[in-house]
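Since the structure comes first, as structure tokens, the remarks are kept for the end.
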Amino acid sequence: MKLATRMSRLGTETAFEALARAKVLEAQGRSIVFLGIGEPDFDTPEHIVNAGKAALESGFTHYTPSPGITAVREIIAADMGARLGFEANPNNVIITPGGKPIMFFTILALAEAGDEVIYPNPGFPIYESMIRFAGATPVPMQLHEERRYNPDPDELLSLVTPRTKLIIVNSPNNPCGSVMPEEDLQKIAELANEVDAVVLSDEIYKDFYYEGEHVSITKFPGMRERTVVLDGLSKSYAMTGWRVGYGLFPDELVEPISRLVTNSVSCTAAFSQVAAAAAIEAPQESVRSMVAEFKRRRDIIVTGLNEIPGITCPVPKGAFYAFPNISGLGLSSQEFEARLLDEAGVSTLSGTSFGEFGQGYARFSFANSQENLHEALRRIREWVTTL
Ligand SMILES: Cc1ncc(COP(=O)(O)O)c(C=O)c1O
């Protein structure tokens, strides 16, 4: 069978393959500590599950309008508005099955051959994949370890051209756990205004802060009109399997993105939307206690990694990933990932799963129990002595 040429441009998210490999080893009887996949290990809080069940029982089993149920869009808009500090219009909110379609549809709607799209590297691998799939040119914005995994402002200046159609920012960042300083966001805002580029601000980790508070690029002049804010429930409410994400779009994008939803998935599952509304409206205690636990885990993994010869690990300010420099071990990132899994039974992801600037690094998701993090560290300590 001959696939369409465009398929050769479509990448993937290797986290799913790495998980499958580790699961095979586990099925063969090996003990594996899973620090690869990026999802909270907590269950969806009970009040949200109950809201989903009640929605199913009361008939939320049908199609909904493509951009989402009006009442749910209103609840999301009120929540986003309160956080972002301006009145968000519910008509500008589009609900999708997870946050991923927001980046997929935004890139498809805006970028084509001849356009340049700036994206963080190391960064979420779907950005680059989708930019290439759309036929546009990916322009990596390197995140530097020396800058706590943030871009260099002078370098950034050289990346922006009249062809820049879209600039993607992701703070807190996957895989680095970095948080963009306000002055860097401001610089990007100024550049976007200068060349009339749209900004896709992926704020899916907005609740995962261990220091400081979330700042959105929408706060800078001219940005509300040119920013797509991507958000969702997968991480904050441990709802990865419910598939609910959403975007706040500038006016001109609402109809085209809704049309993409109609053409692809029709709508997001009705009961998931109702459960999402319940999650947002309820007291946020479950989010706070989950983040507090992640902070304890962060401290364990970062301290432990820094005690291992050949590994240095900056302290992540947000998200739930540590991104240590492993170049002192004399292995490539890919060798590190493969050998750590095979020889020590610890599943992680190579830095290069997140782009070429991830060489020399690895991503450790600390979405696992304190006990398992201690066990992983014990195994790694022992394993490095065999290298
Ligand atoms: C940076 C980033 N954006 C978006 C997503 C998409 O999440 P989902 O589609 O599961 O809601 C993820 C998930 O890993 C992510 O890490």
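Predicted model, so just to flag it, every value in this text is computed and none were measured. All ligand and atom numbering here is 1-based and tracks the order in the structure.
Using 4.0 Å as the threshold, Thr240 has no heavy atom nearer than that to any atom of ligand 1. Residue contacts with ligand 1 include Tyr127, since one or more of its heavy atoms lies under 4.0 Å from the ligand. The closest approach between Met103 and ligand 1 falls below 4.0 Å for a heavy atom of the residue.
Nearest protein neighbour of atom 7 (O) of ligand 1, counting heavy atoms only, is Ile204 CD1, 3.7 Å. The protein heavy atom nearest to atom 6 (C) of ligand 1 is Lys100 N, 3.9 Å. Considering only non-hydrogen protein atoms, atom 12 (C) of ligand 1 sits nearest to Phe124 CZ, 3.6 Å. Looking from atom 3 (N) of ligand 1 to the surrounding protein, the closest heavy atom is Asp202 OD2, 2.6 Å.
The residue from Val254, Ile75, Ile76 that alone fulfils the side chain to side chain contact (heavy atoms under 4.5 Å, CB included) condition with Val93 is Ile76. Paired with Val261 under the rule side chain to side chain contact (heavy atoms under 4.5 Å, CB included), one option of Ile95, Thr268, Ile94 passes, and it is Ile94.
Under 4.0 Å is where a charged nitrogen must lie from a carboxylate oxygen, and between Arg339 and Glu335 no such pair does. By the 4.0 Å N-to-carboxylate-O rule, Glu293 lies close enough to Arg297 to be salt-bridged with it. A salt bridge is absent between Glu382 and Arg379: the closest approach of a Lys/Arg side-chain nitrogen to an acidic carboxylate oxygen does not fall below 4.0 angstrom. Residues Glu155 and Arg147 are not paired through a salt bridge, judged by the lack of any N-O separation under 4.0 Å between the basic side chain and the carboxylate.
Of all atoms in ligand 1, numbered sequentially from 1 with element shown, those under 4.0 Å from a heavy atom of Lys235 are 12 (C), 13 (C), 14 (O). Those atoms of ligand 1 with a heavy atom of Gly99 less than 4.0 angstrom away are 8 (P), 9 (O), 11 (O). Using a 4.0 Å cut-off to heavy atoms of Gly98, the atoms of ligand 1 that qualify are 9 (O), 11 (O). Each of the atoms 8 (P), 10 (O), 11 (O) of ligand 1 lies under 4.0 Å from some heavy atom of Ser234.
By the neighbour-count criterion of 12 heavy atoms within 6.0 Å, atom CD of Glu211 is densely surrounded, having more than that number from other residues, nucleotides or ligands.
In this structure, Leu166 CG and Ile131 CD1 are separated by 7.0 Å, a value rounded to the nearest 0.5 Å. Here the CD1-CD distance, from Ile217 to Gln186, works out to 9.5 Å after rounding to the nearest 0.5 Å.
Where the criterion is an N or O separation shorter than 3.5 Å, residue side chain and backbone included, Arg243 meets it with respect to ligand 1. For Asn170, no nitrogen or oxygen atom sits less than 3.5 Å from a nitrogen or oxygen atom of ligand 1, counting backbone and side chain alike. For ligand 1, none of its N or O atoms has an N or O atom of Leu230 under 3.5 Å away.
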